[in-house]
Amino acid sequence: MHDKFGRAWKQIDWSITDRLYEKGYIHDPVGKTKSVVLTEEGLLRSEELFKKLFVKSD
């Protein structure tokens with residue numbers, strides 16, 4: 001994410017953004033904006049995955 005409002009750069013393949021949209025993790029990615037907005041569910045899921053993948057557990 002690049003700001004506190006849940007926006008992320010969309011410099012990824014369109015098929016990926018379409019799948020994320022279909023799963024409800026981001027708002028509609030279609031448009032000229034160079035970023036997408038994560039939904040509340042998307043924000044929660046991204047935080048879960050970040051902790052799982054990058055945080056060492058004691």
Side-chain angles (χ1 to χ4, degrees):
M1 289 192 318
H2 66 82
D3 67 12
K4 63 181 179 177
F5 302 109
R7 285 194 293 244
W9 297 116
K10 66 176 182 184
Q11 300 295 326
I12 55 176
D13 189 83
W14 283 106
S15 64
I16 295 169
T17 57
D18 289 342
R19 287 195 316 261
L20 292 172
Y21 175 63
E22 289 170 6
K23 290 183 178 191
Y25 295 145
I26 63 173
H27 292 281
D28 194 352
V30 176
K32 292 183 180 182
T33 307
K34 295 189 183 241
S35 61
V36 293
V37 179
L38 278 71
T39 61
E40 187 172 329
E41 182 180 356
L43 286 168
L44 292 173
R45 184 71 175 132
S46 66
E47 186 175 333
E48 290 171 0
L49 288 171
F50 180 85
K51 288 178 182 176
K52 179 181 177 182
L53 297 171
F54 300 108
V55 176
K56 276 189 173 181
S57 59
D58 293 331

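Quick note: residue numbers are just sequence positions, from 1.
Environment of CD in Glu40: sparse, with no more than 12 heavy atoms of neighbouring residues, nucleotides or ligands closer than 6.0 Å.
The shortest heavy-atom contact between His27 and Tyr21 is C-CD1, 3.6 Å. Residues Ile26 and Thr17 share a closest heavy-atom pair of CD1-O, 3.4 Å.
Hydrophobic clustering, defined by side-chain heavy atoms of Ile, Leu, Val, Met, Phe, Trp and Tyr closer than 4.5 Å, groups Phe50 together with Leu53, Phe54, Val55.
Of the charged side-chain nitrogens involved, none lies within less than 4.0 Å of a carboxylate oxygen, so that Arg19 and Glu22 do not count as a salt-bridged pair.
Both Val36 and Ile16 belong to a common hydrophobic cluster when Ile, Leu, Val, Met, Phe, Trp and Tyr are linked at side-chain heavy-atom distances under 4.5 angstrom.
Rounded to the nearest 0.5 Å, atoms CG (Asp18) and CG (Asp28) are 9.0 Å apart.
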